[in-house]
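Residues: numbered from 1 along the sequence shown.
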Amino acid sequence: MCPYRLVLEHVTSRWGVLVLIELLDRPYRFSELRRAIGRVSEKMLTQTLQTLERDGLVHRDAKPVIPPRVDYSLTDLGREAAQQVRDLALWTERRMADVERAREAYDEAKRT
């Protein structure tokens, strides 16, 4: 697989998109981010964050305190990617009625 396709897959994955968009607002602790995203398992969120961190999109800041505190934020590269993903998500939201009409027309044409 081409390296850029792999990064594209990470950025546009179900949880990658949600993590990037959520982190645009502010840094989050793991549990806060999990609640904000909703319906993501701890394991899947951990894997997603590690993947995005490896790609240079997310920064993990572990503070040596008790109890341990870890904050996640976007790097400059991550902020750029997140803004692009958010724009696509907003476009999808704005154009959903058109997509639904197209689906209905397609389904109707297939029935006849």
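Around the CG atom of D76, the shell of radius 6.0 Å holds no more than 12 heavy atoms that belong to other residues, nucleotides or ligands.
From D98, atom CG reaches atom CZ of R95 across 4.0 Å, with rounding to the nearest 0.5 Å. Distance check, rounded to the nearest 0.5 Å: CG of D55 to CG of L6 gives 7.0 Å. Between the CD atom in Q47 and the CD atom in E42 there is a gap of 11.5 Å [rounded to 0.5 Å].
Side chains of Y4 and V7 form no contact here, defined as non-hydrogen atoms less than 4.5 Å apart. V17 has its side chain out of reach of V11: every pair of non-hydrogen atoms, C-beta onward, lies at least 4.5 Å apart. For the pair L33/L49, a side-chain contact is recorded, criterion being any heavy-atom separation below 4.5 Å from C-beta on. The closest side-chain heavy-atom distance from H59 to E53 is not below 4.5 Å. The closest side-chain heavy-atom distance from L45 to I37 is below 4.5 Å. Contact of the R94 side chain with the L90 side chain is registered, since non-hydrogen atoms from C-beta on lie closer than 4.5 Å. No side-chain heavy atom of Y72 sits less than 4.5 Å from a side-chain heavy atom of R29. Looking only at side-chain heavy atoms (C-beta outward), T75 and V58 stay at 4.5 Å or farther from each other.
Hydrophobic cluster membership is shared by L20 and L24, with clusters built from Ile, Leu, Val, Met, Phe, Trp and Tyr side chains linked at under 4.5 angstrom. Under a hydrophobic clustering in which Ile, Leu, Val, Met, Phe, Trp and Tyr are joined whenever their side-chain heavy atoms come within less than 4.5 Å, directly or via other members, L77 and V85 fall into the same cluster.
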Checklist entry - Does the side-chain contact (heavy atoms from CB on, under 4.5 Å) test come out yes or no for V19 and E22, once each step is laid out? => result CA-CA 5 Å; V19 165; E22 203 60 48; 5.9 Å; no
Next on the checklist: Show, in sequence, the C-alpha distance, side-chain angles and deciding distance for R34 and Y28, and conclude whether the side-chain contact (heavy atoms from CB on, under 4.5 Å) test is met.
Outcome noted: CA-CA 9 Å; R34 188 169 178 218; Y28 278 87; over 6 Å; no
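Checked for salt-bridge contact, E108 and R111 meet the test: a charged N lies under 4.0 Å from a carboxylate O. With salt bridges taken as basic N to acidic carboxylate O contacts below 4.0 Å, one links D71 and K63. Comment: R26 engages E32 in a salt bridge, judged by a side-chain N to carboxylate O separation of less than 4.0 angstrom. A salt bridge does not link K110 with D107: none of the charged nitrogens is closer than 4.0 Å to a carboxylate oxygen.
When all heavy atoms of A62 and R60 are compared, the pair lying nearest together is CB-NH1, 3.7 Å. Across every non-hydrogen atom of W15 and R39, the tightest pair is CH2-O, 3.1 Å. When all heavy atoms are compared, the tightest approach of L57 to A81 is CD2-CB, 4.4 Å.
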